[in-house]
Visitor: 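The structure follows.
The shown structure was predicted, so the numbers you read here are calculated from the model rather than taken from an experiment.
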Amino acid sequence: KMRDGARFRWERLGFWSRRFAFSDEVGVELVAFEPTFGLLRRTGAVETHGEIGKMPELGLLVTLGWYVIMLIAADDEAAGAAVFC
């Protein structure tokens with residue numbers, strides 16, 4: 001919840017999908033993330049939708065979104081390493 005009362009929801013866009021997004025309170029997608037992870041490189045794309053380009057929260061949501069995606073990737077790597085030990 002933001003200082004002005006705005007709320008955003010973080011969600012994976014499909015069970016098998018690597019896409020994630022922040023949506024507003026009524027479910028309108030505002031910022032979508034599509035990570036692309038290679039062996040030595042982590043890249044991806046960010047898409048903005050609607051009025052988010054005019055909102056002051058845009059920078060925070062993009063930074064927070066990529067941070068969460070990096071945490072998920074680290075967890076996936078740790079789980080994969082544990083399987084092979």
Visitor: Is there a path of hydrophobic side-chain contacts, each under 4.5 Å between heavy atoms of I, L, V, M, F, W or Y residues, that connects Val28 with Ile52?
Guide: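 No; Ile52 is not reachable from Val28 via cluster members.
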Visitor: Go through it in stages, so that I can follow the logic: the residues are Val68 and Phe20, the test is side-chain contact (heavy atoms from CB on, under 4.5 Å), and I'd like the CA-CA distance, side-chain angles, deciding distance and then a yes or no.
Guide: CA-CA 10 Å; Val68 171; Phe20 297 88; over 6 Å; no
Visitor: Drop me the distance from Met55's CE to Met2's CE, to the nearest 0.5 angstrom.
Guide: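 Here the interatomic distance stands at 8.0 Å.
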Visitor: Using a 4.5 Å cut-off on heavy atoms from C-beta on, say whether the side chain of Ile69 contacts that of Phe33.
Guide: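 Yes, close enough: below the 4.5 Å cut-off.
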Visitor: Find the distance between CZ (Arg9) and CG (Asp24) and round it off to the nearest 0.5 Å.
Guide: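 With rounding to 0.5 Å, CZ (Arg9) is 8.0 Å from CG (Asp24).
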Visitor: Side-chain contact, heavy-atom cut-off 4.5 Å: Leu13 with Glu29?
Guide: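 With C-beta onward as the side chain, the pair touches.
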Visitor: Keeping Arg42 on the side-chain end and Pro35 on the backbone end, is there a donor-acceptor pair under 3.5 Å?
Guide: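 It does not hold such a pair.
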Visitor: Which pair of non-hydrogen atoms, one from Arg12 and one from Ser17, has the smallest distance, and what is that distance?
Guide: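 Scanning both residues completely, I find the closest heavy atoms to be NH1-O, 3.1 Å.
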Visitor: Look at the side-chain heavy atoms of Ile, Leu, Val, Met, Phe, Trp and Tyr, link any pair under 4.5 Å apart, and say whether Trp10 and Val31 land in one connected group.
Guide: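 Linked, Trp10 and Val31 end up in one cluster.
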